[in-house]
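Each remark here refers to the structure printed beneath this line.
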Amino acid sequence: AVCHDINNGGQNKVGPALGGVMGRTIASHGGFNYSSGLKTHADKKWDFDTMNKFQWKPAKFAPGTIMSYGGTAKDQDRANLIIYMNAQGSNLPLPPVTAAPEAAPAAPEAAAAH
């Protein structure tokens, strides 16, 4: 709440306003001076995959970003955040749900060692 306004039509704060961010070109919200780390991605849009990578580790996605947020490690927490962000003015169609991959069997060498 201190850093971003999530409301559609909201104002920039320490960070850019995030209402309608999903589907928007990265580093394009008017009136905000983005860090060089995000400006290097200005040829892409905030889709679900890109936002997931950013929310996981912002500094890894955009080296040089000055945002102090370290990221969200849990997949479900990131998914919930991104769905919430999408509902704040973007309303992009959600990507199809795919089944989680089954756990891979132990390597033969590892099984023999037990």
Side-chain angles (χ1 to χ4, degrees):
V2 172
C3 295
H4 298 280
D5 185 337
I6 190 69
N7 298 309
N8 197 17
Q11 300 298 308
N12 293 333
K13 294 185 174 190
V14 173
L18 296 177
V21 69
M22 297 301 295
R24 188 164 73 200
T25 301
I26 296 174
S28 68
H29 188 65
F32 189 80
N33 185 23
Y34 289 88
S35 63
S36 61
L38 280 173
K39 287 178 183 177
T40 63
H41 293 278
D43 60 333
K44 300 176 185 114
K45 291 189 181 271
W46 287 119
D47 60 21
F48 292 97
D49 183 56
T50 304
M51 186 61 79
N52 183 49
K53 290 174 184 172
F54 180 73
Q55 292 296 333
W56 178 61
K57 289 191 179 178
K60 183 174 176 131
F61 176 84
T65 185
I66 58 172
M67 189 169 77
S68 61
Y69 169 66
T72 300
K74 293 183 179 180
D75 294 342
Q76 189 62 57
D77 291 347
R78 282 193 317 279
N80 291 341
L81 175 61
I82 294 166
I83 289 169
Y84 175 75
M85 292 172 73
N86 187 50
Q88 306 309 308
S90 298
N91 300 310
L92 299 178
L94 296 177
V97 176
T98 57
E102 293 183 27
E109 304 83 36
H114 292 275

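Under the rule for a side chain to side chain contact (heavy atoms under 4.5 Å, CB included), the partners of D47 that lie at least two apart in sequence or sit in another chain are D49, T50. With sequence neighbours left out, the side chain to side chain contact (heavy atoms under 4.5 Å, CB included) criterion links K57 to K60. Remark: S35 pairs with L38, T65, I66 by the side chain to side chain contact (heavy atoms under 4.5 Å, CB included) rule, at least two apart or across chains. With sequence neighbours left out, the side chain to side chain contact (heavy atoms under 4.5 Å, CB included) criterion links L81 to Q55, Y69, M85.
Aromatic ring pairs are classed by plane angle as parallel below 30°, tilted from 30° to 60° and perpendicular above 60°; the pair F61 and F54 is perpendicular.
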Which donor-acceptor pairs under 3.5 Å do the side chains of residues 1-9 make with protein atoms, sequence neighbours left out?
{"from": "H4", "atom 1": "ND1", "to": "P16", "atom 2": "O", "distance (Å)": "2.8"}
{"from": "D5", "atom 1": "OD1", "to": "N7", "atom 2": "N", "distance (Å)": "2.9"}
{"from": "D5", "atom 1": "OD1", "to": "N7", "atom 2": "ND2", "distance (Å)": "3.1"}
{"from": "D5", "atom 1": "OD2", "to": "Q11", "atom 2": "N", "distance (Å)": "3.3"}

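Here H29 contributes atom NE2 and N12 contributes atom CG; the two are 4.0 Å apart, rounded to the nearest 0.5 Å. From L94, atom CG reaches atom CD1 of I83 across 5.5 Å, with rounding to the nearest 0.5 Å. Separating the CG atom in L92 from the CZ atom in F48 is a distance of 5.0 Å, to the nearest 0.5 Å.
Hydrophobic clustering (ILVMFWY, side-chain heavy atoms < 4.5 Å, transitive): F32 and V14 are in distinct clusters.
Shown here is K39, whose NZ atom has more than 12 heavy atoms of other residues, nucleotides or ligands within 6.0 Å.
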List the steps, then state whether side chain to side chain contact (heavy atoms under 4.5 Å, CB included) holds for Y34 with I26.
CA-CA 10 Å; Y34 289 88; I26 296 174; over 6 Å; no
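A distance-only check finds a donor-acceptor pair linking the side chain of R78 to the backbone of A73 [under 3.5 Å].
Under a 4.5 Å side-chain heavy-atom criterion applied to ILVMFWY residues, the cluster that includes V97 comprises that residue alone.
Closest of all the heavy-atom pairs between S90 and V21 is OG-N, 3.5 Å. The two residues S36 and G64 make their nearest non-hydrogen contact at OG-O, 4.2 Å. G70 approaches P58 most closely through the heavy-atom pair O-CD, 3.5 Å.
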